[in-house]
Amino acid sequence: MKLASWNVNSLKVRLPQLAAWVETAQPDVLGLQETKLEDEKFPLDQIRALGYHAVFSGQRTYNGVALLSKSPATDVVNELAPGFDPQRRVLAATVGDTRVVNFYVVNGQSVGSDKFAYKLSWLDAAHEFLRGELAKHPNVVVMGDFNIAPEDRDVHDPDAWREQVLCSTPEREALTRIRALGFHDSFREREAEGGHYSWWDYRMGAFRRNLGLRIDLIFVSDPMRARVKGAGIDRAVRREERPSDHAPVWTELDS
DNA sequence: ATGGTGGTGCGACCA
């Protein structure tokens, strides 16, 4: 089973690239973030034509998540807790014997800002949400744009990013608490080296210079850990014309 | 020089 996550930064703009990538990559499950589309405008016909079912939770201009899957998704949930957050950042659903959680984690703008406080409280709520998911399902995958680089080896210039947003200690500790529930970074099950990134700023020729961060992550729960047989980042997609600022990340599981 | 790019949607805002 192949699982993938991609922050598309506007599904409307990226639909042709999505179609091309899905055609070759053929993920069984694909979590999208920053679709930036109201549900009435979700391109369901085009997604179905690619051979996928889709569930989605969108809003205008900002945020928005979707979950594409070759087999249908059931028991769909689109918030961390009832009424917790009007922003559409969460989609959880069951696909086969796997509970899939797709997150678009709050960016946080800058350490100490109001948005940063919102990010930390959002991550607390995500922690509680995932505790509940694990209580109900043994096989849980948590994927998405976490807007956190877990470790210095996920950062092109750790000293420049030291205690900056996306890399700060409070964010990393929040992620560590989530991981301590019993999740494993599937990419790190297969690759120990640094220099692998999933996001590059549009500005300053960051992609060309490989000034990136690995902030798009796929976690698997304890019972799934030994099944991780491959993981990667399709950075070629970032090289295309009019790309998202994120590349798709994927994990392959046995059976 | 707090610059630079891109998406949304037409002026900021968010990332």
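Below, chains carry the letters A, B, ... as their sequence lines are ordered, and counting in each starts from 1.
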*asked:* Donor-acceptor check, side chain of S113(A) to backbone of Q109(A), threshold 3.5 angstrom: yes or no?
replied: no
*Rounded distance in Å between the P positions of dG3(B) and dA12(B)*: 16 Å
*Which of residues 202-210 of chain A have a heavy atom under 4.0 Å from DNA chain B?*
Y202(A), R203(A), M204(A)
*Establish, yes or no, whether a centroid distance under 6.0 Å links the rings of F187(A) and H196(A).*
yes
*Kindly write out the residues that satisfy side-chain contact (heavy atoms from CB on, under 4.5 Å) with N210(A), not counting sequence neighbours, or none if the list is empty.*
Y197(A), W200(A), R235(A)
*Taking only the side-chain heavy atoms of S10(A) (C-beta and beyond), determine which of dG7(B), dA15(B), dG9(B) contains the nearest atom.*
dG7(B)
*Atom CG of D245(A) and atom P of dG6(B): how far apart are they, to the nearest Å?*
10 Å
*Quick one: on DNA chain B, does Q87(A) or K36(A) contact a more 5' nucleotide (nearest heavy atom)?*
K36(A)
*asked:* Quick check on dT5(B): is either OP1 or OP2 less than 4.0 Å from any side-chain nitrogen or oxygen of R242(A)?
replied: no
*On a whole-Å scale, what distance lies between the P atoms belonging to dG9(B) and dC14(B)?*
15 Å
*Partner nucleotide, any strand, of dA12(B) [Watson-Crick/G-U, under 3.5 Å]*: dT8(B)
*Whole-Å distance between dG6(B) P and N9(A) CG?*
11 Å
*Choosing from dT8(B), dA15(B), dC14(B), which nucleotide comes nearest the side chain of V13(A)?*
dT8(B)
*When you check the phosphate oxygens OP1 and OP2 of dC14(B), does a side-chain N or O of T61(A) lie under 4.0 Å from one of them?*
no
*How many Å lie between NE2 on H246(A) and P on dG6(B), as a whole number?*
14 Å
*Any chance you could measure L80(A), atom CG, to E128(A), atom CD, to the nearest 0.5 Å?*
10.5 Å
*Aromatic ring proximity, centroids under 6.0 angstrom, W122(A) and F103(A)*: yes
_Nearest whole Å is fine: how far is dC13(B) P from N63(A) CG?_
16 Å
_Interatomic distance, W122(A) CH2 vs dA15(B) P [rounded to whole Å]_ = 13 Å
*Nucleotide dC14(B), atom C1' - distance to NZ of K115(A) in whole Å*: 6 Å
*Give me the one residue out of S71(A), P72(A), P27(A) that meets side-chain contact (heavy atoms from CB on, under 4.5 Å) with Y52(A).*
P27(A)
*Verify whether one side chain among S244(A) and N9(A) offers a donor that lies under 3.5 Å from an acceptor in the other.*
no
_Rounded interatomic separation in angstrom, taking CD from Q33(A) and P from dG7(B)_ = 17 Å
_Whole-Å gap separating P (dA15(B)) and CG (D201(A))_ = 13 Å
